[in-house]
Amino acid sequence: MTERNPSTPDPGPAEARAVDRTLFAAPGAAELTRLSAVDTVRARVLLSIEHALLAPGSRLPKTELLAAGLEVSVITARRGLESLVDDGVLVRRRGRGGGTFVADDPPHLNDSAVTAYRADADAIHRLIDQRSLMESAIVAEAALRATPDQCDELDSLIRASAEAADWHEHHIPDTRFHHRVAEISELPEVPTYLASYGGLTKYFVPYPQEQLEEGRDHHRRLVAALRAHDPIAAMAVTRVHVDALRREMFVGLERNDETGTS
């Protein structure tokens with residue numbers, strides 16, 4: 001695997017906090033920042049269950065994998081799951097075939113963490129806007145710079161996503177894909193983009209693996225544009241890819257629930 005370009009480092013804690021302050025400056029615009037890490041685990045699992053992305057009776061991945069997918073510590077993930085077991089939303093089963101499962105008839109909780117996520121709808125839309133603009137510039141530059149080896153690496157990340165057992169396993173190579181494209185661009189603004197990208201991923205909720213294929217197809221088309229050194233095609237597919245978040249994130253699913261659309 002190609003080493004990360006040292007000129008495009010991941011954002012450090014101070015820079016990430018500075019970006020958070022810029023993105024969430026309006027009073028009440030970022031309820032998420034007031035939640036504990038355990039609450040964010042609760043909210044994301046509850047939202048997935050509420051929108052039938054995690055079906056009753058379905059098995060959750062191992063805690064270590066769930067923690068990696070949600071980008072929290074294993075201890076945090078375990079505490080979040082245990083609190084949902086206490087609430088009757090999840091159940092533990094022992095023995096062969098055991099694990100953590102969504103209850104067959106999970107109760108609907110008026111959970112303050114879920115309320116906080118919903119209160120951030122405006123912040124989520126701003127993050128999508130920023131990601132669309134920033135990522136368009138990044139892929140245009142990456143299309144001018146990408147080497148065949150770098151494109152091969154991106155293809156391997158797409159394959160890893162397709163072979164994943166569930167969303168949590170998919171999220172790891174998927175996130176790496178976006179980071180790697182940013183690194184290939186070598187733009188000086190990459191750390192700020194990565195901080196913004198990370199802010200948006202905090203709102204992602206687990207999705208069924210079969211519903212992620214459209215996004216992987218976008219990635220395949222993007223790599224084809226990078227191989228062809230075609231910045232126009234790269235920007236076009238990126239805008240489609242990011243714009244899909246407006247209907248696929250939980251705020252979009254809630255709007256569909258209200259209108260009765262699929």
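The chain is numbered in sequence order, starting from 1.
Residue H229 holds its NE2 atom at 7.0 Å from SG of C151, rounded to the nearest 0.5 Å.
Checked against F177 for a ring pair (Phe, Tyr, Trp, His ring centres under 6.0 Å), the options H219, H218, H171 give a single hit: H219.
Within a 6.0 Å radius of CZ in R221, other residues, nucleotides and ligands contribute more than 12 heavy atoms. Remark: R227 CZ is packed, more than 12 non-hydrogen atoms of other residues, nucleotides or ligands lying under 6.0 Å away. Atom CG of D105 has 12 or fewer heavy atoms from other residues, nucleotides or ligands within 6.0 Å. Within 6.0 Å of atom CD1 in I75, 12 or fewer heavy atoms from other residues, nucleotides or ligands are found, so the atom counts as exposed in its surroundings.
Contact of the I184 side chain with the L154 side chain is registered, since non-hydrogen atoms from C-beta on lie closer than 4.5 Å. Side-chain atoms of P107 and D87, non-hydrogen and from C-beta on, never get closer than 4.5 Å to each other.
In this structure, a donor-acceptor pair under 3.5 Å is present between the side chains of D39 and S36. Side-chain atoms of S112 and T115 include no donor-acceptor pair closer than 3.5 Å. At a cut-off of 3.5 Å, with distance as the only test, no side-chain donor of R59 or T100 sits close to an acceptor on the other residue.
No donor-acceptor pair under 3.5 Å is formed between the side chain of T76 and the backbone N or O of V72.
Ionic pairing of R220 and E213 is present here: one or more N-O contacts between side-chain nitrogen and carboxylate oxygen are shorter than 4.0 angstrom. Classification of E50 and R44 as a salt-bridged pair fails, no side-chain N sitting under 4.0 Å from a carboxylate O. A salt bridge links R145 and E141; the closest N-O separation between the charged side-chain nitrogens and carboxylate oxygens is under 4.0 Å.
Figure legend: cation-pi geometry between R93 and F101, with NZ or CZ positioned under 6.0 Å from the six-membered ring centre and within 45° of its axis.
Taking the six-membered ring where the residue is Trp, the centroids of Y207 and H170 are separated by 6.0 Å or more. For F250 and H51, the ring centers sit 6.0 Å or farther from each other.
Between Y117 and Y203, the angle of the ring planes goes over 60°, which puts this pair in the perpendicular group of the 30/60° scheme.
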